[in-house]
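Beneath this line is the structure, given in C-alpha cells, with notes to follow.
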Amino acid sequence: MTGASRRPDSCVWCGREVAETGMGRRRRYCRQSCRQRAYEQRNQVKGTSIPADAVVLTSEEASAMVDRVFQVRCAAEDVATAVAEGAAAHEVESLCADLVQLAREAERFR
C-alpha cells in the first residue's frame with residue numbers, strides 16, 4: 001500500500017486523527033497528553049481483573065457516546081430516505097457530508 005492510499009490513523013486514546021510522521025513507527029497518540037492518560041489508565045488497572053485494553057468511561061461519557069451514535073444513525077436514515085425519495089444529488093451530497101461529520105465526532109469517545 002502506498003502512503004497516499006492509507007487511511008489516516010486515529011489516536012488510541014481520544015480518536016482524533018494522528019499526523020503522519022514520515023519515517024519510523026506510526027504514532028499511536030495525537031499528542032503527549034493522550035499518551036499520558038493512556039499510561040495512567042494502564043497503571044490503574046494493573047493487578048485488577050479489568051483487562052489492560054479495557055475502556056473505562058464515566059456515565060456522562062457513555063451517555064454522550066450513545067447520543068453521538070444515535071445522531072449518526074438518524075443521519076444515515078436521512079440519507080437512505082433522501083435516496084429512496086429520489087432527492088437531488090446536491091441534497092444527498094449535503095446529507096452525506098453531515099453524516100461523515102457526525103461519524104467523525106462519534107469516533108471520539110473520550
> Who else is in I50's hydrophobic cluster (ILVMFWY, side-chain heavy atoms under 4.5 Å, direct or via others)?
Replying inline: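 Hydrophobic cluster check, I50: joined to V45.
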Nearest 0.5 Å, what's the [atom1]-[atom2] distance between [X] and [Y]?
| X | Y | atom1 | atom2 | result |
| --- | --- | --- | --- | --- |
| R31 | C11 | CZ | SG | 8.0 Å |
| W13 | C30 | CH2 | SG | 11.5 Å |
| S10 | R104 | OG | CZ | 10.0 Å |
| C34 | R16 | SG | CZ | 6.0 Å |

>> Which residues pass the side-chain contact (heavy atoms from CB on, under 4.5 Å) test with T58, not counting sequence neighbours?
In response: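 Scan of T58 (side-chain contact (heavy atoms from CB on, under 4.5 Å), adjacent residues dropped) gives E60, E61.
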>> Restricting to side-chain contact (heavy atoms from CB on, under 4.5 Å), what partner residues turn up for S49, sequence neighbours left out?
In response: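 With sequence neighbours excluded, S49 shows a side-chain contact (heavy atoms from CB on, under 4.5 Å) to no residue whatsoever.
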With a 3.5 Å cut-off and sequence neighbours excluded, list the donor-acceptor pairs that the side chains of residues 80-96 form with protein atoms.
unit_1, atom_1, unit_2, atom_2, d
T81, OG1, E77, O, 2.9

> Which pairs pass salt bridge (charged side-chain N to carboxylate O under 4.0 Å, His left out) with one or both residues in residues 33-45, sequence neighbours excluded?
Replying inline: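 Residue pairs with at least one partner in residues 33-45: R37-E40.
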>> For Q44, give me all partners under side chain to side chain donor-acceptor pair (under 3.5 Å), at least two apart in sequence or on another chain.
In response: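 None.
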> Among the clusters formed by ILVMFWY side chains lying less than 4.5 Å apart, do V79 and V72 turn up in the same one?
Replying inline: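 Yes: a chain of side-chain contacts under 4.5 Å links V79 to V72.
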> Between R27 and E20, does a side chain to side chain contact (heavy atoms under 4.5 Å, CB included) hold up when you go through it step by step?
Replying inline: CA-CA 7 Å; R27 293 179 61 188; E20 287 286 326; over 6 Å; no
>> Looking at every non-hydrogen atom in both residues, tell me the closest pair between A75 and L99 and how far apart they are.
In response: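 A75 and L99 have their closest heavy atoms at CB-CD1, 3.7 Å.
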> Minimum heavy-atom separation for V12 to Y29, with atom names?
Replying inline: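 The pair with the smallest heavy-atom distance is CB-CE2, 4.0 Å.
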